[in-house]
Amino acid sequence: MKIEQKIGQLVANSIEVLYSQQVDQKQIQIQKTKKEFEGDVTIVIFPFVKIARKSPEATGQEIGEYLVQNTPLIVAFNVIKGFLNVSIQKSYWIEELNLMQVNPHYGMSPVTEDAPTMMIEYSSPNTNKPLHLGHIRNNLLGYSIANIQKANGWKVVKTNIVNDRGIHICKSMLAWQKFGKGETPESSGMKGDHLVGKYYVIFDKAYKAEVAELMDKGANEEDAKKMAPLMIEAQKMLLAWENNDAEVRKLWQTMNSWVYDGFDITYRQLGVDFDKIYYESNTYLTGKSEVERGLKENVFYQRPDGSVWADLTADGLDEKLLLRADGTSVYMTQDIGTAKLRYNDFDIKKMVYVVGNEQNYHFQVLSILLDKLGYAWGKNLVHFSYGMVELPEGKMKSREGTVVDADDLMAEMIATARETSQELGKLDNCNEQEIDQIAGMVGLGALKYFILKVDPRKNMTFNPKESIDFNGNTGPFIQYTHARIKSVLRKAAEQEIDVHAPVSTEIIISEKESTLIQMLAEFPQTIRQAGEEFSPALIANYLYDLVKEYNQFYHDFSILREENSALKHFRLVLSEEIAKVIKTGMGLLGIDVPERM
RNA sequence: GCCUCCGUAGUUCAAUGGAUAGAACAAAAGUUUCCUAAACUUUAGAUCCGGGUUCGAUUCCCGGCGAAGGUACCA
């Protein structure tokens, strides 16, 4: 049982004895004592003053006295304003530490045979351009939240829906056909996704020029955008694609395969993966037939031009297009089909979409549409809506070339990590392969932590001109602490000290040390909360606090040089458990930790 | 216009309705004959404005101001 629960019960008992009144568990607020006060756990007294009919100070005093006299667990107390701070017996913390030591999966719940399945969709790229920083946030969040849910006992299926068809792809294809002169990844030396992205930009430029020209000739903007020959051609190509035109399909396949080769490299570098990949080209027909069924059953309606719509005004929303007038499908059509196929393929208890908050409306609508189509699970979709990554000047725009490219950014981070290591002379005894490995861990660790430490729901800012830090509240700071502990443990092993024996509860430990154990004891509930709130940031911030505290301890106390061998043993065990929690916690974030750095 | 989200040190981020609003970076000063100084210590610095609810509000409610996103044939 957690210490907060134990104390909560003790407080409830004491109030019953002192004031002969039952008190609701919800009224008992227990929190960790703030650093500047003495004690381990704090009880908020304000809710009890009415019951006690005394001042908060007097009430706190009475409860404190009762607790100290009647429970060996609580050895001291102080009251400040309406807060009762109690100190827990030190041996309790040592026992807690001994329990952690024998549990190699400390903090993680096992995934049982009959555990429910959570499907998590993330990444979901379009195949017309390479991945950028926004995708990085998506991928890191998706991958991490999958780890966290597994740690909370869910069976997790990671999935990716690749948006491999649609008007955007046709734009790249058309531009390549017109201006590409047969260029390939091999002939150009470009990564496939970057090559295709290049033609997406070329299309946009040429298209804008056409629109401008039409407007010069007197057309208004709206008409010009529709009349531009390139747009008309792209739409024709999409129609040809949906009609299975052999030539269009062949080009489509070729260019998409270039993109996939590129994405594979990016995903591998980023360290993310998927259990099942869906392609829009395989799911949109199911979506179309679902929409057609809905039309027959009068759930949807058709306009005179042939387009199909859902009227959601009764739900307080707008009307939503489901099939264009020319019969081609849109984003929503595809998502309906994909959802249906997924529920056919897996026994899904919870379906989670990791998608940016710019699509809040889309998922609200999707949920309602599925429900209207008769799928009971439609209402239970979870949209894990995360905030945008913005530049100091505002939103990234791929067409304006302001995006921060994923491959470039990762490469820069790793290069910086390597330079820093060299400057500090940390890896002088390592061979090239080890240096590569550590620079990769540290560079990516810095990037991943930078992104994951922020509350996912909030927009965040990234300034490309300021490099991501390696000092302070950063991934490398946490990695460094791990490496440092491992170094101490290696030396202990050389001295043949057995760190696996339990710690004696007889030894006297300091305030700093019991605080560290208390923080370690919070790890399981932090994982639980991170899962419930879908927030890897909670784990990131927890680890930072823990490591910050440990570094102070490391600075002020001796470990291997401690003369009292029981104390030395305790400090080694404590350090090892800190390292274990760092490794597990960082693992949940998808960040590797090195043995040395 | 309508809907949603956001507004905390110079900057980037924290804070289940609780104590003196925490960190980091940047700025200033210091710590290494000692287990890794990617560390540690010290100084200075913030809740957009106005009301309300509450013993207590950065947090909840209302009204301003400011920024972002969505809003029917882009995904």
Side-chain angles (χ1 to χ4, degrees), chain A residues 29 31 33-37 42 44-47 49-50 56 80-83 85 124-126 128 163 166-169 171 235 280 303 305 307-310 312 316-326 328-332 334-335 356-362 364-365 385 387-388 390 392 394-395 417 420-421 423-424 426 442 446 450 453-455 457-463 466 468-481 483-492 529 533 537 541 544-545 548 551-552 554-562 571-572 575 596-597:
Chain A
Q29 295 175 53
Q31 50 197 246
T33 302
K34 289 203 167 202
K35 259 189 173 172
E36 56 266 39
F37 303 103
T42 296
V44 183
I45 296 299
F46 295 107
V49 292
K50 274 186 191 157
I80 295 167
K81 294 184 183 173
F83 299 91
N85 304 316
S124 309
N126 294 346
N128 61 330
N163 301 114
I167 190 77
H168 51 290
I169 318 290
K171 290 177 184 175
Q235 281 162 348
E280 183 183 341
R303 288 190 183 171
D305 66 1
S307 56
V308 177
W309 296 75
L312 303 175
L317 303 173
D318 293 324
E319 298 179 19
K320 190 76 188 172
L321 175 81
L322 300 175
L323 287 175
R324 293 192 188 98
D326 66 4
T328 57
S329 67
V330 293
Y331 181 36
M332 187 62 77
Q334 167 278 117
D335 251 352
N357 62 12
E358 56 192 354
Q359 291 183 37
N360 287 353
Y361 182 70
H362 174 85
Q364 209 182 340
V365 171
S385 163
M388 301 287 96
E390 289 168 355
K395 206 185 172 187
T420 307
S421 296
E423 276 167 26
L424 296 172
K426 295 280 187 180
V442 174
F450 174 80
K453 77 170 177 186
V454 181
D455 181 345
R457 280 162 189 78
K458 291 192 176 171
N459 289 357
M460 62 182 290
T461 308
F462 173 78
N463 189 345
E466 295 170 13
I468 294 175
D469 268 308
F470 286 73
N471 298 325
N473 185 356
T474 66
F477 172 74
I478 296 169
Q479 290 171 318
Y480 171 72
T481 305
R484 225 182 189 187
I485 294 173
K486 286 294 176 175
S487 168
V488 172
L489 291 172
R490 277 192 296 273
K491 291 204 164 82
Q529 202 186 351
E533 296 181 20
N541 291 325
Y544 174 69
D545 290 339
K548 178 97 186 143
N551 276 328
Q552 290 166 359
Y554 185 92
H555 183 266
D556 295 340
F557 292 77
S558 295
I559 301 171
L560 290 170
R561 282 190 302 273
E562 170 59 46
R571 288 181 185 157
L572 283 166
S575 299
R596 68 185 82 229
M597 68 182 269

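Letters A, B, ... are given to chains in the order of the sequence lines, protein chains preceding strands, and every chain is numbered from 1. Here the structure is a predicted model, which is why all the values come from computation and not from measurement.
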Enquirer: Mapping A:Leu321 and A:Asp455 onto RNA chain B by nearest heavy atom, which one lands closer to the 5' end?
Expert: A:Asp455

Enquirer: Do you see a donor-acceptor pair shorter than 3.5 Å between the side chains of A:Asp335 and A:His362?
Expert: yes

Enquirer: Which of these nucleotides, B:rU4, B:rC13, B:rA75, is closest to any side-chain atom of A:Asn360?
Expert: B:rU4

Enquirer: Can you find an N or O donor on one side and an acceptor on the other, under 3.5 Å apart, linking the side chain of A:Thr42 with the base of B:rA19?
Expert: yes

Enquirer: Just to be sure I understand the rule, does A:Met388 reach a base, reach only the sugar-phosphate, or reach nothing, if contact means heavy atoms closer than 4.0 Å?
Expert: nothing

Enquirer: Using only side-chain N and O atoms of A:Lys486, determine if any of them is under 4.0 Å from OP1 or OP2 of B:rU36.
Expert: no

Enquirer: Work out how far the P atom of B:rG56 is from that of B:rA19, and round it to whole angstrom.
Expert: 14 Å

Enquirer: From the options B:rA19, B:rC40, B:rU36, select the nucleotide whose nearest atom is closest to the side chain of A:Arg484.
Expert: B:rU36

Enquirer: For A:Glu358, report the nucleic acid contact type (base, sugar-phosphate, nothing); a contact means any heavy atom under 4.0 Å.
Expert: sugar-phosphate

Enquirer: Base, sugar-phosphate or nothing for A:Val442? Non-hydrogen atoms, less than 4.0 Å.
Expert: base

Enquirer: Give the nucleotide from the list B:rC35, B:rU20, B:rA68 with an atom nearest to the side chain of A:Phe37.
Expert: B:rU20

Enquirer: If you look at every strand shown and take non-hydrogen atoms under 4.0 Å, does A:Gln359 touch a base, only sugar-phosphate, or nothing?
Expert: base

Enquirer: Can you tell which of B:rU36, B:rC34, B:rA38 lies closest to the side chain of A:Val488?
Expert: B:rU36

Enquirer: With the side chain of A:Glu280 defined as its heavy atoms from C-beta on, choose the nearest nucleotide among B:rA72, B:rA75, B:rA23.
Expert: B:rA75

Enquirer: Mapping A:Asn473 and A:Arg303 to their closest nucleotides on RNA chain B, which lands nearer the 5' end?
Expert: A:Asn473

Enquirer: Between B:rC13, B:rU36, B:rG69, which nucleotide has the shortest distance from any of its atoms to the side chain of A:Tyr554?
Expert: B:rU36

Enquirer: For the side chain of A:Trp309, counting heavy atoms from C-beta on, which of B:rA72, B:rA19, B:rU36 is nearest?
Expert: B:rA72

Enquirer: For A:Ala492, report the nucleic acid contact type (base, sugar-phosphate, nothing); a contact means any heavy atom under 4.0 Å.
Expert: nothing

Enquirer: Do the side chain of A:Lys426 and the base of B:rU36 come within less than 3.5 angstrom through a donor-acceptor pair of N or O atoms?
Expert: yes

Enquirer: Using only modelled atom types and a 3.5 angstrom limit, is any donor from either the side chain of A:Asn471 or the base of B:rC25 paired with an acceptor on the other?
Expert: no

Enquirer: Closest approach to the side chain of A:Lys548, judged atom by atom: which nucleotide of B:rA75, B:rC40, B:rC73 is it?
Expert: B:rC40

Enquirer: Ignoring hydrogens and angles, state whether a donor on the side chain of A:Asn360 or A:Ser385 is under 3.5 Å from an acceptor on the partner side chain.
Expert: yes

Enquirer: Nearest to the side chain of A:Phe477, heavy atoms from C-beta on, is which of B:rA68, B:rA19, B:rA39?
Expert: B:rA39

Enquirer: So for A:Ser421 and B:rA38, does any side-chain atom that can act as donor or acceptor lie under 3.5 Å from a complementary atom in the base?
Expert: yes

Enquirer: Specify whether A:Phe46 and A:Phe83 have parallel, tilted or perpendicular ring planes, treating 30° as the upper limit for parallel and 60° as the lower limit for perpendicular.
Expert: perpendicular

Enquirer: Is it the case that the side chains of A:Arg303 and A:Ser307 hold a donor-acceptor pair, with the cut-off being a distance below 3.5 Å and no angle test?
Expert: no

